[in-house]
Amino acid sequence: MSNTPEKIECLIVGSGPAGYTAAIYAARADIKPVVYAGMQPGGQLTITTDVENYPGYPEGIMGPEMMENFRKQAERLGTEVRYGMVTKVDFTGKPPYKIQVDEKHEILAETVIISTGASAKWLGIPSEEKLNGRGVSACAVCDGFFFKGKDVAIVGAGDTACEEASYLAKICSKVYMIVRRGEFRASKAMQHRVQNTPNIEILFNSETDEILGENKVEGVRVKNNKSGETREIAIQGFFVAIGHQPNTEIFKEYITMDETGYIITQPDSSRTNVEGVFACGDAQDKVYRQAVTAAGTGCMAALDAERYLSAKHAAGSH
Ligand code: NDP
């Protein structure tokens, strides 16, 4: 580890739409943003295909290409984008705060913008990990295409699962929906949609015992948690849609969050409970979770950071 920590005015942690939009605004405000791109540079959009609901792209755009554009725009305006993971923060006392990157590089940050996003949750069974990318996926929109005309299963009973089941039903011959309780969590409209789709079969009170197959998905063993009966179903694709987990673990000692780890920001602001630390994007939004809303809150975070620094400098110069 180097002896003198590097000083950074505006440190942005995460590189999805929120992080890069924060960077664009911060660079233009001349607070010299440095973005740490994290484990999945570009964020969740890099694992999607067509983005059709981001304004300004009348023909739609591919997710990875859109995130390349975000990065280029941020860099052109003066952002430094680095590949690395922020692994530890110390938000005790007043800024600048000590931040560690990849467990070796130490930074002193005047302001920190958290834009670490969220990741899909997994069931946590061994066969799921073994067959990940070999028929197991957490994104129907990204991977559904590979199962055209085939039989697939999807786990979950929320709006995402229903939306993805409907999407898959248009591409695949048959979709089995594995629902752990006797009812859905999804909104009534979404429930009706799946219930009225002829090639979706809903398996209530059902849990995934094991995904079958050695090198690729060949089936699933489903257990009825009321009767205890198990059943093997031949499928080629297995989708998991059981919600998302915000990537906020490293901040939890300092930052106020809800019980599921979403950061709580102050009303009409991106401010957290810690002075000089702001949050934006899916790390603090469990309701909308859209690229465009993430970008909007990224803008808010940069404006808040800039105003905070200006006020601090003005106070310091008196
Ligand atoms: P949710 O948290 O709403 O639902 C997760 C689902 O996964 C629940 O049905 C839950 O079951 C199930 N689940 C969780 N863990 C397991 C497990 N280990 N095994 C089996 N099943 C499991 O997540 P969503 O991603 O669906 O939605 C998140 C938010 O986004 C919601 O507020 C939703 O309304 C919103 N959304 C809205 C959309 C729209 O309006 N078009 C589209 C997509 C999302 P159980 O019910 O038993 O707890």
Side-chain angles (χ1 to χ4, degrees), residues 16-18 43-45 47-54 63 117-129 131-132 136-144 152-170 175-197 200-211 220-226 228 230-231 233 235 237-248 257-264 281-294 297:
Q44 291 182 79
L45 278 171
I47 54 159
T48 57
T49 51
D50 270 318
V51 180
E52 293 193 319
N53 53 9
Y54 199 91
S119 304
K121 281 194 212 159
W122 295 96
L123 295 173
I125 54 175
S127 50
E128 174 189 57
E129 200 180 323
L131 295 166
N132 198 334
V136 171
S137 163
C139 178
V141 182
C142 325
D143 299 326
V152 299
I154 183 163
V155 184
D159 282 324
T160 305
C162 290
E163 205 166 73
E164 299 206 337
S166 306
Y167 177 86
L168 290 168
K170 291 188 199 126
V175 180
Y176 295 92
M177 226 179 148
I178 306 172
V179 175
R180 68 177 171 186
R181 288 184 296 140
E183 59 183 359
F184 282 98
R185 177 177 295 276
S187 57
K188 288 275 181 289
M190 296 300 285
Q191 293 184 30
H192 289 152
R193 200 196 297 181
V194 296
Q195 277 160 337
N196 292 322
T197 305
I200 299 179
E201 183 177 333
I202 302 155
L203 311 172
F204 284 113
N205 301 311
S206 296
E207 286 169 31
T208 308
D209 206 22
E210 214 60 76
I211 307 159
V220 60
R221 190 165 60 239
V222 178
K223 184 175 179 181
N224 185 303
N225 56 26
K226 284 256 182 290
T230 57
R231 171 183 169 190
I233 305 169
I235 50 159
F238 183 87
F239 292 87
V240 181
I242 60 170
H244 285 78
Q245 179 68 43
N247 302 318
T248 54
M257 300 174 184
D258 72 6
E259 69 287 354
T260 47
Y262 285 93
I263 294 173
I264 295 173
D282 286 10
Q284 54 85 54
D285 170 21
K286 62 173 168 189
V287 181
Y288 303 103
R289 304 190 299 116
Q290 298 301 302
V292 69
T293 48
T297 56

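Just so it is clear, the values below take in all heavy atoms, side chains as well, and ignore hydrogens, waters and symmetry mates. The first residue in the sequence is number 1, and the count goes up from there. Read the numbers this way: they start at 1 and go in the same order the structure lists the ligands and their atoms.
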So among L131, V152, T208, which one has a side chain to side chain contact (heavy atoms under 4.5 Å, CB included) with F238?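 The residue from L131, V152, T208 that satisfies side chain to side chain contact (heavy atoms under 4.5 Å, CB included) with F238 turns out to be T208.
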
With sequence neighbours left out, what residues match E52 under salt bridge (charged side-chain N to carboxylate O under 4.0 Å, His left out)?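 Applying salt bridge (charged side-chain N to carboxylate O under 4.0 Å, His left out) to E52 gives none.
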
Using a strict cut-off of less than 4.0 Å between a Lys/Arg side-chain nitrogen and an Asp/Glu carboxylate oxygen, indicate whether K286 and D258 qualify as a salt bridge.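 Looking at D258 together with K286, the answer is yes, because their closest N to O distance falls below 4.0 Å.
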
I'd like to know if D209 and K223 make a salt bridge, using a cut-off of under 4.0 Å between side-chain N and carboxylate O.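 The answer is no: the pair does not qualify as a salt bridge.
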
Write out the protein residues near ligand 1, meaning a non-hydrogen atom under 4.0 Å from one of its atoms, in order of chain and number.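 If the criterion is a heavy atom under 4.0 Å, then ligand 1 touches L123, V155, G156, A157, G158, D159, T160, E163, R180, R181, R185, I242, G243, R289.
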
Strictly by modelled atom types, are N247 and S119 linked by a side-chain donor-acceptor pair under 3.5 Å?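 Looking only at side-chain atoms, S119 and N247 do form a donor-acceptor pair, the distance falling under 3.5 Å.
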
Minimal non-hydrogen separation, E183 against A157, with atom names: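 Minimum heavy-atom separation between E183 and A157: O-CB, 4.4 Å.
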
